[in-house]
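Notes to accompany the following structure.
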Amino acid sequence: MEDNHYRTRVFLDRKLRKDDYKTQRFWLSHQQMQERFVHAQGLQAHHRFLDIGCGPLRLGSVLIPYLRGGHYFGMDINQDTIDLGVSKLREDGVDLSNASFVVSDRFDFSPIDGPVDMAFSNSLFSHLSLNTIGVCLSNLASVLVPGGLYFTTFFLVQDTVTWARPFQRDKWGRKFETHPAQDPFHYTFDMMAAVAGQCGFDCALDDSFGHPTQTMAVLTRR
C-alpha cells in the first residue's frame, strides 16, 4: 500500500500525555456524531459490527459495551493505537471479551470470524488512493452480508475540474487543502461510485452525518 503516516504513532504521544483526552472537544464531538449516526442507521445489539480504522477506539468505546458478545470487530493499521484504546477501556472497567481486533495494512479481513452486518469508518478514505479504496472494498465484500451497509466518509468535490487541483477546506477555523493525488485525497461522487460498483457495492450519499468537512458515503453490498 502507499505510504501512510498512520503506520506510525500518529497523535499517540499527545494522547498519552493526557489522561483525560476522551473529554476533549474533538474526541467527544466526533464520538457522539458517530454513535448517533450508526444507531440512526439501524444498528442493534445483535448486529455484528466492523470498525475499519478503529484507532484508539473512539467509536469502539461506546459500541463494545452495547453489542452482544463477540459482535465488535476493530481493524487498524497501527497496533499501538489499538493498544492505547484497549488500555484506557480496561482502566474504565469495560469488558473487552466481546471485542476482536485485527491489525492490517492491506485490509485483510480474513481473521474475522463470520459475516458482519454493518461496517463503518471515519476519515479513512481521505487518506487512501482510489486503488487502495478498491482493495478495501473488494476485501470487505467477502465479509459483509448481502444487503449489508458500509458507511465511510471522504472529501467530496463536485466535478473533475475541481478534482484536478487542490481544494481549500476549513475545519473549526483550521484551514487546509485536499488533493487529487496526495494525502489528504478528495474525490468526485462518480469516482467513488465507480470503484464501489466494481467491487460489488451500490453507492449513495447521506447528508445527515454532520461532519464539518467530509461527506458520508453509504455503500450497500449487492
Salt bridge (Lys or Arg N to Asp or Glu O under 4.0 Å) contacts in which one or both residues fall within [range], not counting sequence neighbours:
| range | value |
| --- | --- |
| residues 149-173 | Asp170-Lys175 |
| residues 57-66 | none |
| residues 26-38 | none |

Less than 4.5 Å apart, any side-chain heavy atom of [X] and any of [Y]?
| X | Y | result |
| --- | --- | --- |
| Phe185 | Thr132 | no |
| Ser61 | Gln31 | yes |
| Ile52 | Leu124 | yes |
| Asp206 | Gln41 | yes |
| Asp51 | Leu63 | no |
| Phe73 | Val102 | no |

Distance-minimising heavy-atom pair for [X] and [Y]:
| X | Y | value |
| --- | --- | --- |
| Ile133 | Met192 | CD1-CE, 4.1 Å |
| Thr220 | Gly147 | CG2-O, 4.0 Å |
| Leu84 | Pro56 | CD2-CB, 4.2 Å |
| Ser121 | Thr152 | OG-OG1, 2.6 Å |
| Thr160 | Thr188 | N-CG2, 4.0 Å |
| Tyr187 | Phe125 | CE1-O, 4.0 Å |

Only counting residues at least two apart or in another chain, list the ones meeting ring pair (Phe, Tyr, Trp, His ring centres under 6.0 Å) with [X].
| X | value |
| --- | --- |
| Phe101 | none |
| His39 | Tyr66 |
| Phe209 | Phe37 |
| His211 | His30 |

Any chance you could pull the hydrophobic cluster mates of Phe155, using side-chain heavy atoms under 4.5 angstrom and chaining through other members? Phe176

Out of curiosity, [X] [atom1] to [Y] [atom2], how far, rounded to the nearest 0.5 Å?
| X | Y | atom1 | atom2 | answer |
| --- | --- | --- | --- | --- |
| Thr162 | Phe167 | OG1 | CZ | 6.5 Å |
| Asn122 | Gln34 | CG | CD | 4.5 Å |
| Thr213 | Leu156 | OG1 | CG | 11.5 Å |
| Cys54 | Ile82 | SG | CD1 | 4.0 Å |
| Phe151 | Leu43 | CZ | CG | 9.5 Å |
| Gln214 | Phe154 | CD | CZ | 9.5 Å |

Counting only heavy atoms not in Glu91, do more than 12 sit closer than 6.0 Å to its CD atom?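 Yes.
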
State, without any angle test, whether Ser129 and Asn131 hold a side-chain donor-acceptor pair at a distance under 3.5 Å.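 There is no such pair between these side chains.
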
Check: Ile64 main-chain N/O paired with Asn98 side-chain donor or acceptor under 3.5 Å: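 Indeed, once roles are kept as given, a pair shorter than 3.5 Å links the two residues.
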
Residues two or more places apart in sequence or in another chain: which of them pass side-chain hydrogen bond (donor to acceptor under 3.5 Å, both in side chains) with Asp190?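 None.
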
For His71, all residues meeting side-chain hydrogen bond (donor to acceptor under 3.5 Å, both in side chains), sequence neighbours excluded: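 Testing His71 for side-chain hydrogen bond (donor to acceptor under 3.5 Å, both in side chains), a comparison that skips the adjacent residues, returns none.
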
Would you be so kind as to tabulate the donor-acceptor pairs closer than 3.5 Å made by side chains of residues 194-205, with sequence neighbours excluded?
| from | atom 1 | to | atom 2 | distance (Å) |
| --- | --- | --- | --- | --- |
| Asp202 | OD1 | Arg222 | NE | 2.9 |
| Asp202 | OD1 | Arg222 | NH2 | 3.3 |

Taking only distance into account, with no hydrogens and no angle test, what donor-acceptor pairs under 3.5 Å do side-chain atoms of residues 134-145 form with protein atoms, sequence neighbours excluded?
| from | atom 1 | to | atom 2 | distance (Å) |
| --- | --- | --- | --- | --- |
| Asn139 | ND2 | Arg106 | O | 3.2 |
| Asn139 | ND2 | Phe107 | O | 2.9 |
| Ser142 | OG | Asn139 | O | 2.5 |

